[in-house]
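In what follows, a single structure is set out as structure tokens and then discussed.
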Amino acid sequence: MPLPHSRPIFLLAAAAALALLAAGGCTKSAPEAPISVTRTEAIEDTGRFKPEEVGDHYDINPWMSHVCIVDLDQDGLPDILACDDHLNAIVWLRQYPKGKFTESILADQLPGVVHVEAVDMNHTGHLDLLVACMGEVFPNNDKIGSIYILENDGHQHFSRHLIADHIARVTDVQAADLDGDGKLDLAVGQFGYTQGEIRWMRNLGNWRFESHILLSLPGTINVCCADMTGHGHQDIVALVSQQYEEIYLFENDGSGNFTNKVLFGSTNEDYGSSGISLCDINHDGRPDILYTNGDGFAYADPGLRPWHGVQWLENLGNGFFKYHRIGNLPGAYSPIGVSLDGNGVMDIVCTSAFNTWTNPKAASLVVFKNDGKQNFTMHILAHEPIEQISCAAADLDGSGLPSIVSCGFEGYPPFERMGRIVIWRQSHKK
Amino acid sequence: MATISQEVEPGRSRWPLYLAAALVAVACAGLAARMALRRAAVVAAIPARPDLSAMPPELGDELGASEQLARSYLHSAEGLARVSRLYHANSFYDEAMQCYRALRTLEPRNARWPHLEAAILSQFGRQDEALEREQFAVDLAPGYIAARVRLGQEMLIANRRADATRVFNQVLEREPSNPYAELGLAKVELLNGDWEKARERLEGCLKKNPEFVGGLETLAAAYEHLGRQPEAEALKRTIGAREFVDIKDPWLDELMEDCVDSYRLSVAAAVQEAAGNRAGAEQLLERAIAFTTKSGSFHRQLAVLLAHDQNLPEACEHLRRAVAISPKDNDAWLLLYQYLGTMHETAAAEQALRSGLANCPDAASLHFEEARRLVGAARSEEAIAEFRLAFQLNPGDTNPLIQLAGLLFSINRAGEALEALDLSLEKLPENPAAISMLTGYYVSQGNEAKALEWWAHVRGQPRTPPEVAQELRSAFRARFGRDPN
């Protein structure tokens, strides 16, 4: 039975509710901060460094895969070491006298040599060389990798010790005392192709090493050793690319027993991981991880991806890390931490190995300047030479300001504006 | 009687009508207000136009039409969804994210928006944020498998192995033979150091999905780790040049329909090809070509696909267009020469090779082909020079040295041939062609010790084709009257 007095009220209430419902769903929720994934403002800073090509004359497109700065002869003048994959050799650009670099071949017959590290392996006071050889730089699934140590007699004459061969292609070798016996052991990254590995090699003395496999996945590009957890032991950090695109921490119990942990990974199988290095970016006493993704070899013609860029993993201690994206850079490679102003604030320099080289404004060398609070601004240091794949930085001339050295792996067109080994000196003195 | 009664009390009889009209009016006002509010929210979310000067004009046109739809009262959300697709598909990720943020508010029950947001965030390495969005998407659309697999993968790389295991198992409850979930679980086991369990799981997975490259690669790694080298090598041969391809994700994959970025289309085509979808790859490349007239490489890429389909005439047509656009594309010249040769159009092939060399005088691959052509024409000295030049131009490729050695052996210049092989082995240790050739040479010379030495290399090289190894074995037996070890 209808309720003559309550019905109008009921209907009005219903109408009001309907109106509210109809208008509903559009009320403003708490504002959500917009996310920017692609914007990286860049400042042209090409006058900051003066490039100078050093080393031997070359007729064909350079294939230099790695460069580092070290005072090999310990004469007080930093030198340059580089891997030349045309020569299958390590070349030494000795600085003598100051400012003059003379190239010579330190060791050849190193197939697909891609990494060299100067370390006094046998505590003689002379810098020996750890050498990683892929066997062949371009994709190959054969076990053609090898590891050499070149023992320095103190006069830069090197005896060759073959540490391992017939293994999946080796991309990086680093030395650290991993079992606490006072001898330097080795951490080894092996890219392989569809099969690769990460291993550590216990130093048994007399240039003999015993292998322990840590992970059998393809695509390892870099390994780094440091006490990452603050527990007082040398841990291993490794970057694995291919479809994995992951950074692993192998936490050491001090005796060479390792527990693995993924520190970062991307579900983008085309992320293009290209390099890591360690650096205490925020001066908290803990080594952080610098990381670039800029490999453009996958799938189609080599080229850039919108997500190529630079990031760092802040070491929070005890094996915990926090990811920070720094900025985008097509073809980003070879991240290094360096205080370009010499004031201790760590900037991040890296190269671009792939870019839109038809665009003359495409960057080939950049620095992400740190404001001291880990806010970074990209400065373009150079647009050429192009296809620079590795860089290093150090005070080459005693000015108190670091110079940069880069090298080019010109494996793909356009074969122009090339640079084999280039020193970038700061235009202004401290 | 009731009618009379209503006529007697007109006020009472009409109020429901008035009320109904008022109700409708209020409801309409409410609906209009809702539409206006939604439209206002959509209009506010339409991204400012980025610089589209490097893009084909079609993108601007499509965006214009979609923005117009987004500004309408009736289809504003649909318009914004179209805008989001266009931006996402063409790598304008910030703009797409802006759209998705608004769409999540407008359509809070639609899992597509957080899923697509997660896809962008993970592309840029922002996994924590991606994981949060993906979890949201999975909660909204529990049956959308790609999102759940992604969630598992994101948990795995966030080091949440137990959570990842739970999520991958949920996928298997819904799709018992999903290879990506099996691979995820195997990876958890592998990271936990349980290689045997991972192996067992992957073997089971591959019984159901024998062509799953991700599983084949990881099983090969497991075999290798467990010291089962022959099985690992067999799997590597099975994998061949195939590559891992990510899980099918219809919401994400369909964005390609709106892509006008030729390079991105070409990358997508390469992915489709790796997945075995050659027809899809061809379609994507045809679109890549349609959107640019400046790059020949897409014609080259399509030509390779067409050649795989034995459509050499059309492949050559695309290669001709490729070299017309990019005369310095030595790979295109090389393919044109090779395909024309396969079609027995010798004169045209040779003309292509000459043109290629004229345009790309430093192309090692073209000099290599020229050397081979000269060998065929019995012009040995010129061929030797061309082989040497090809190697000099690209010292990373040892093929010219192998061919050079073959030629030198054939004209009784064994010393030079051995030098070439030594150099090839220095460049590429255990080069299967070089070690086979050395074995054959020493067998032919009756040098049993040397033949056995190189035969050991051949046996240790899994890439030596079985028929070559068999041939060498037979030659050894014929020469020395016994089998090599």
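Just the heavy atoms: all of them, side chains too, but no hydrogens, waters or symmetry mates, feed the values below. Computed from a predicted structure; not experimentally measured.
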ask   = Under 6.0 Å from the CG atom of B:Asp128, do we count more than 12 heavy atoms belonging to anything else shown?
value = no
inquiry  = Tell me which of these, B:Glu426, B:Glu430, B:Gln153, has more heavy-atom pairs under 4.5 Å with chain A than the rest.
reply    = B:Glu426
query = Going by heavy atoms in the side chains, are B:Leu190 and A:Leu215 under 4.5 Å from each other?
reply = yes
note = Applying side-chain hydrogen bond (donor to acceptor under 3.5 Å, both in side chains) to A:Lys261 and not counting sequence neighbours gives none
message = So, taking the atom named CG in B:Leu393 and the one named CG in A:Asp59, what distance separates them when rounded to the nearest 0.5 Å?
response = 10.5 Å
Among the listed options B:Gln392, B:Arg264, B:His225, B:Glu273, the residue most often paired with chain A at heavy-atom distances under 4.5 Å = B:His225
task = Examine whether an atom of A:Asn328 lies under 4.5 Å from a heavy atom of chain B, and if so say whether it belongs to the side chain, the backbone or both; otherwise answer neither.
result = side chain
query = What part of B:Gln127 is in contact with chain A, defined as an atom under 4.5 angstrom from a non-hydrogen atom: side chain, backbone, both or neither?
reply = side chain
request  = State, to 0.1 Å, how close B:Leu428 and A:Gly135 come at their nearest heavy-atom pair, and which atoms those are.
outcome  = CD1-O, 4.2 Å
ask   = Do B:Pro395 and A:Ile60 come close enough that some side-chain heavy atom pair is under 4.5 Å?
value = yes
task = Counting only heavy atoms closer than 4.5 Å, note whether A:Phe415 contacts chain B via side chain, backbone, both or neither.
result = neither
ask   = What residues, two or more places apart in sequence or in another chain, satisfy salt bridge (charged side-chain N to carboxylate O under 4.0 Å, His left out) together with B:Arg126?
value = B:Glu129
message = To check you understand the geometry: which heavy-atom pair defines the closest contact between B:Gly125 and A:Phe264, and what is its length?
response = O-CE1, 3.1 Å
task = Measure B:Lys187 against the heavy atoms of chain A and call it side chain, backbone, both or neither at under 4.5 Å.
result = side chain
request  = Report the distance from atom CZ of A:Phe321 to atom CG of B:Asn159, rounding to the nearest 0.5 Å.
outcome  = 11.5 Å
inquiry  = Need one label for B:Gln123: side chain, backbone, both or neither, based on atoms under 4.5 Å from any heavy atom in chain A.
reply    = both
message = Is the shortest side-chain heavy-atom distance between B:Val267 and A:Arg305 below 4.5 Å?
response = yes
message = Using heavy-atom distances under 4.5 Å, tell me whether B:Ile120 contacts chain A through its side chain, its backbone, both, or neither.
response = side chain
query = Considering all heavy atoms of both residues, which atom of A:Ser216 and which atom of B:Trp195 are nearest to each other, and what is their separation?
reply = CB-CH2, 3.6 Å
inquiry  = Report which part of B:Arg104 has an atom under 4.5 Å of a heavy atom belonging to chain A: side chain, backbone, both, or neither.
reply    = side chain
ask   = Is the backbone of A:Gly112 close enough, under 3.5 Å, to the side chain of B:Lys427 for a donor and an acceptor to pair up by distance?
value = no
query = Does some side-chain heavy atom of B:Phe124 sit less than 4.5 Å from a side-chain heavy atom of A:Tyr271?
reply = no
request  = Using a strict 4.0 Å threshold on nitrogen-to-oxygen distance, state whether B:Glu233 and A:Lys143 make a salt bridge.
outcome  = no
key: Under 4.5 Å from any heavy atom of chain B - which part of A:His166   = side chain
request  = Please report the shortest heavy-atom distance between B:Ser122 and A:Ser266, naming the atom on each side.
outcome  = O-OG, 3.3 Å
ask   = Do you know which of A:Ile247, A:Asn88, A:Ile144 has the most heavy-atom pairs with chain B at a distance under 4.5 angstrom?
value = A:Asn88
query = At a heavy-atom separation under 4.5 Å, does A:Leu110 approach chain B through its side chain, its backbone, both, or neither?
reply = neither
request  = Would you mind telling me which of B:Arg101, B:Glu154, B:Gln98, B:Met97 has the largest number of heavy-atom pairs within less than 4.5 Å of chain A?
outcome  = B:Arg101
note = Rounded to the nearest 0.5 Å, the CG atom of A:Asn61 sits from the CG atom of B:Asp362 at a distance of 8.0 Å
task = Check the pair B:Asn394, A:Trp63 against side-chain contact (heavy atoms from CB on, under 4.5 Å), reporting the backbone distance first and the verdict last.
result = CA-CA 10 Å; B:Asn394 182 5; A:Trp63 279 10; 3.0 Å; yes
remark   = Tightest non-hydrogen contact, residues B:Arg161 and A:Val262, listed as NH2-N, 4.3 Å
ask   = Would you find a donor on one side and an acceptor on the other, under 3.5 Å apart, between the side chain of A:Asn260 and the backbone of B:Leu191?
value = yes
